[in-house]
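Taking it in order: structure first as structure tokens, then the write-up.
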Amino acid sequence: MDQTHVDGDLELDQTLFTEEQITTRLREIAREIEKDYDGRDLLLVGVLKGAVMVMADLARSLDRHVEMDWMAVSSYGSGTKSSGVVRILKDLDTDLNGRHVLIVEDIIDTGLTLSWLITNLKSRGPASVEIATLLRKPEAQQMDVAVKYVGFDIPNAFVVGYGLDFNEKYRNLRCIGTLAPHIYS
């Protein structure tokens, strides 16, 4: 789905990143990951549902073998702001003991959910835990979370597309854009 299918739902001229810009940046991050994890097995942990597109394209950009697993956590409900209360909806199937883990996220807002997730995963005995995210909102961060790989820093706006949703819509939008306030207010 492209922008023409959501005409009026995005703020005028608020396409933040095109599909091409996203793909290019994920390829650049993949080269960094290959260098940093050379000679080490790597487990990518995608955070459902938003990270599906990022995880798929990042994994396909890697010129090496990786294992993948998925975890679903929730702190949003149907609102537009994080509640700060985290629930595990789907846990990992993979034992993390001694593994090099790279959490793959779509976006980091407040950092509250991710901070909780890092603590949870580190308690499982991995060799390392790092984070890759496509988007980060520095102005919205409430927790200081060390992120190793960042696609783009963005303003504190409600964005959709490329896995990011509002009420389960817009995930399959090929670009990332700012959702018009009349849609969610």
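Bear in mind that the values here come from a model prediction, so they are computed numbers and not experimental data.
Salt-bridge check for Asp91 with Arg124: passed, with a basic side-chain N closer than 4.0 Å to an acidic carboxylate O. A salt bridge is defined here as a Lys NZ or Arg NE, NH1 or NH2 lying under 4.0 Å from an Asp or Glu carboxylate O, and Asp109 with Arg136 fails to meet this definition. A salt bridge is defined here as a Lys NZ or Arg NE, NH1 or NH2 lying under 4.0 Å from an Asp or Glu carboxylate O, and Asp93 with Lys90 meets this definition. Salt-bridge annotation for Arg25 and Glu28: present, with a side-chain N of the basic residue lying under 4.0 Å from a carboxylate O of the acidic one.
Summarising the geometry, atom OG1 belonging to Thr178 is positioned 5.5 Å from atom CD belonging to Glu11; distances are rounded to the nearest 0.5 Å. To the nearest 0.5 Å, atom CZ of residue Arg27 and atom CG of residue Leu62 are 12.0 Å apart. Separation of atoms CE (Met53) and CG (Asp106) is listed at 10.5 Å; rounding is to 0.5 Å.
Side chain of Glu67 to backbone of Leu42: no donor-acceptor contact under 3.5 angstrom is found. Side chain of Lys137 to main chain of Ala157: a donor-acceptor pair is present (N/O by atom type, distance under 3.5 Å, no hydrogens or angles). A side-chain donor-acceptor contact under 3.5 Å links Arg31 to the backbone of Ser61. At least one donor-acceptor pair closer than 3.5 Å links the side chain of Arg64 to the backbone N or O of Tyr37. Between the side chain of Thr133 and the backbone N or O of Leu135, at least one donor-acceptor pair lies under 3.5 Å. Judged by distance alone, with hydrogens and angles left aside, the side-chain atoms of Thr23 form no donor-acceptor pair with the main-chain N or O of Glu20 at under 3.5 Å.
Side-chain contact between Leu102 and Leu43 is absent, with no heavy atoms from C-beta onward closer than 4.5 Å. The closest side-chain heavy-atom distance from Leu117 to Val47 is below 4.5 Å. When side chains are defined from C-beta on, Leu134 counts as touching Ile176, because their heavy atoms get closer than 4.5 Å. With contacts defined as side-chain heavy-atom distances shorter than 4.5 Å, the pair Ile183/Leu10 does not qualify. The side-chain heavy atoms of Asp165 and Lys49, taken from C-beta on, include no pair separated by under 4.5 Å. You'll find the side chain of Met71 stays beyond 4.5 Å of the side chain of Leu48, heavy atoms only. Looking at heavy atoms from C-beta onward, Leu96 lies in side-chain contact with Leu121 at the 4.5 angstrom threshold. Ile118 places a side-chain heavy atom less than 4.5 Å from the side chain of Val145.
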- [ ] Test Val160 against Phe158 for side chain to side chain contact (heavy atoms under 4.5 Å, CB included), laying out the working first.
- [x] CA-CA 7 Å; Val160 294; Phe158 196 87; 3.9 Å; yes
Task: Met55 and Leu44: CA distance, side-chain angles, deciding distance, side chain to side chain contact (heavy atoms under 4.5 Å, CB included) verdict - done: CA-CA 8 Å; Met55 178 96 144; Leu44 301 180; 3.7 Å; yes
Task: Worked check of side chain to side chain contact (heavy atoms under 4.5 Å, CB included) between Leu112 and Met143 - done: CA-CA 6 Å; Leu112 295 170; Met143 296 290 294; 3.3 Å; yes
Task: Worked check of side chain to side chain contact (heavy atoms under 4.5 Å, CB included) between Thr18 and Ile22 - done: CA-CA 6 Å; Thr18 64; Ile22 295 165; over 6 Å; no
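Side-chain N/O atoms of Tyr162 and Asp57 include a donor and acceptor closer than 3.5 Å. The closest side-chain donor-acceptor pair between Tyr149 and Asp36 falls under 3.5 angstrom. Judged purely by distance below 3.5 Å, without hydrogens or angles, the side chains of Tyr170 and Asp9 pair a donor atom with an acceptor atom.
Note on Leu89 and Ile103: separate hydrophobic clusters, where clusters join Ile, Leu, Val, Met, Phe, Trp and Tyr whose side-chain heavy atoms are under 4.5 Å apart, directly or indirectly.
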